[in-house]
Amino acid sequence: METFPKIISVDDHTVEPAHVWRDRLPSKYADSGPRIVRAPLKEMTFLGGKFAPVMGAKGDDGPVGDWWVYEDLHRPLTRLDTAVGYDRDEIKLEIITYEQMRPGSFSVPDRLADMDVNHVQSALCFPTFPRFCGQTFTEAKDRELGLLGVRAYNDWMVEEWCGPEAHGRLIPLTLVPLWDAELAAAEVRRNAARGVRAVAFSEIPPHLGLPSIHADDWDPFLAACDETGTVIAMHIGSSSRMPSTSADAPPAVGSTITFANCCFSMVDWLMSGKFERFPNLKIMYAEGQIGWIPYILERADVVWEENRAWGGVADKVHRPPSELFAEHVYGCFFDDAFGLKNLDAIGVGNVLYETDYPHSDSTWPRSREVGEEQMGHLAPDVVDRIVRGNAIELLGLTEDGLWAGP
C-alpha cells in the first residue's frame, strides 16, 4: 500500500511493575497483598490448557526468576509474558526476571518507543498478573483485600500507565470485582467518571464459578456499562480455561483453537436477550480472530428462525442474531487473512485491529507489513476503518486516535 494508517491496537498487554500494589495498598497488607519475590523454579508445565508452576525455596536448585506472590498464589513471570524481540524458536516456557524482559513490557517510555517502531499510534492493554479480567482477585479469599487490589490496579492504569507520560497513546482498560455485580457497577461508574470507556470481563463466567450471562445476576453491571458507554472487553482465556481436547494435549492444540471460547461466548450473548434489554451495550473479543464469525452468524440465524419456539429464546430475542451482532459485537484480529477475505459477511464496522504486544503471537515489529499484506485487496477507506476508525468510534477517542483523559 502507498500509505497505511497509524494502528490503534485494541489488544496489547502490560506487565505490571513490581510497585503497583506495594505503593497503593494499606501497609497492613504488605505481607498478603501482591508482591514480587525472586525465587527458583521447582517445576512448570502447561498441558491440557492448564498452567501449573511450582515455586522452590531459597537455595533450591533450578532457574531463578521473579514471582508474584499473593495469599497462597505463586505466579512466575515467564518468557510467554514478554516474547517480542526473540526468535520464535527461542520462545519457550521458562521463568524470567524483570531484567530479562523487554523494557516496553512494563515501562511507558519504552512502550511508546516500541509502538513507534511498529507503526502503532495508540494501544489498549490487558493485564498480566490479575489475568485478563481480574480472575486473580476474584479467586482470592480476602474479599476486602481483593476489592482494594482491583481498585489499586485501576488507579495505576488510569493515573500512571495511561497518565501524562503516555500522551494519550495508552488507552485505559479497567477491572471490576466480578464476585459482586453491584460493586462491579460502582467501579464501572467510578472509572467512567474519569474518562475510561472499556472494562474487562470473562468470556464464559461459569468457568469461574460465576453466573452465566443468561441470568439476571449481571444486570447491575450491564446497566452501568449501558449507561456510561463502557465497552465490555473479553480476551481469550478470560474464563481461566483455554480450549483444549485432553489433559495431555500439547499447548499447540490449544493455541490453534484459541478462538473457541470467543465463539461460545458470542453465541451466549446473541441468545441472551441482553442486547435488547441494554440497547447501548457493546462487546469486543480480543485475540479471538474473525474468520469463524460468518458461519456462526449464519447458523445462529437459522436456529433463531427455525428453532426459537423450543430453543428458549422466543420471548427474549426478537431479531435475527446477525442484526444484533452488527449493532453490538466487535471481533479483533492480528493475523487473519481468511477473515479479511470474507469481510463482507462479518461487517466492515465490526472489526478491530491489534498487535498483541508483547506476547509470543504478536506481529511486532511487523504489524504494518502484515496488515499491508492481508488488506491489500481492500479499499483505503475500509482499511482505515479497520486499523483505526472503528476503534476511535468504539472507545470514544479523539479524532487523532488518542485518549483524552478525564
*Asks:* Centre-to-centre under 6.0 Å for Phe325 and Phe275, is that the case here?
*Replies:* no
*Asks:* Could you tell me if Thr398 and Asp400 have a donor-acceptor pair between their side chains, going purely by distance under 3.5 Å?
*Replies:*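 Their side chains do not contain a donor-acceptor pair, so the 3.5 Å distance test is not met.
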*Asks:* Which value, rounded to the nearest 0.5 Å, describes the distance between Arg131 atom CZ and Glu139 atom CD?
*Replies:* 4.0 Å
*Asks:* Does any donor atom in the side chain of Ser367 or Asn118 lie under 3.5 Å from an acceptor atom in the other side chain?
*Replies:*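 Checked: Ser367/Asn118 side chains pair up, N/O donor to acceptor below 3.5 Å.
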*Asks:* State whether a side-chain donor-acceptor pair under 3.5 Å links Glu160 with His19.
*Replies:* yes
*Asks:* When you compare the side chains of Thr97 and Asp66, does any donor N or O come within less than 3.5 Å of an acceptor on the partner?
*Replies:*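 Not at all, the side chains of Thr97 and Asp66 share no donor-acceptor pair under 3.5 Å.
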*Asks:* State plainly whether the residues Asp110 and Arg102 are in salt-bridge range, i.e. N to O under 4.0 Å.
*Replies:* no
*Asks:* Just say parallel, tilted or perpendicular for the rings of Tyr153 and Trp156, cut-offs at 30° and 60°.
*Replies:* tilted
*Asks:* Does one side chain, of Asp114 or Tyr357, offer a donor that lies under 3.5 Å from an acceptor on the other?
*Replies:*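 Looking only at side-chain atoms, Tyr357 and Asp114 do form a donor-acceptor pair, the distance falling under 3.5 Å.
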*Asks:* Any side-chain donor-acceptor pair under 3.5 Å between Ser265 and Asp268?
*Replies:* no
*Asks:* The criterion is side chain to side chain donor-acceptor pair (under 3.5 Å); which residues satisfy it with Asp155, sequence neighbours excluded?
*Replies:*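 Partners of Asp155 by the side chain to side chain donor-acceptor pair (under 3.5 Å) criterion, ordered by chain and then number, come out as Arg190, Arg194.
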*Asks:* Sort and list the pairs that fulfil ring-ring contact (aromatic ring centres under 6.0 Å, His included) and have at least one residue in residues 70-96, not counting sequence neighbours.
*Replies:*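 Passing the test, one end in residues 70-96: Tyr70-Phe137.
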*Asks:* Would you say the side chains of Ser239 and Glu203 form a donor-acceptor pair under 3.5 Å?
*Replies:* yes
*Asks:* If you round to the nearest 0.5 Å, how far is CG of Asp336 from CH2 of Trp292?
*Replies:*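 So the CH2 of Trp292 and the CG of Asp336 are separated by 10.5 Å.
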*Asks:* Could you name each residue pair satisfying side-chain hydrogen bond (donor to acceptor under 3.5 Å, both in side chains) that touches residues 162-183, not counting sequence neighbours?
*Replies:*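 Residue pairs with at least one partner in residues 162-183: Asp116-Arg169.
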*Asks:* Between Ser105 and Asp81, is there a side-chain donor-acceptor contact under 3.5 Å, judged purely by atom types and distance?
*Replies:*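 Side-chain D/A pair, Asp81 to Ser105: absent.
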*Asks:* Do we see a donor-acceptor contact under 3.5 Å between the side chains of His214 and Asp216?
*Replies:*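 Note: His214 and Asp216 side chains miss the donor-acceptor criterion.
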*Asks:* Kindly state whether the ring of Phe334 and the ring of Tyr353 have centres lying under 6.0 angstrom apart.
*Replies:*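 Phe334 vs Tyr353: aromatic centres not under 6.0 Å.
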*Asks:* In terms of the angle between their ring planes, are Phe132 and Phe126 parallel, tilted or perpendicular, with boundaries placed at 30° and 60°?
*Replies:*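 Phe132 vs Phe126 ring planes: perpendicular.
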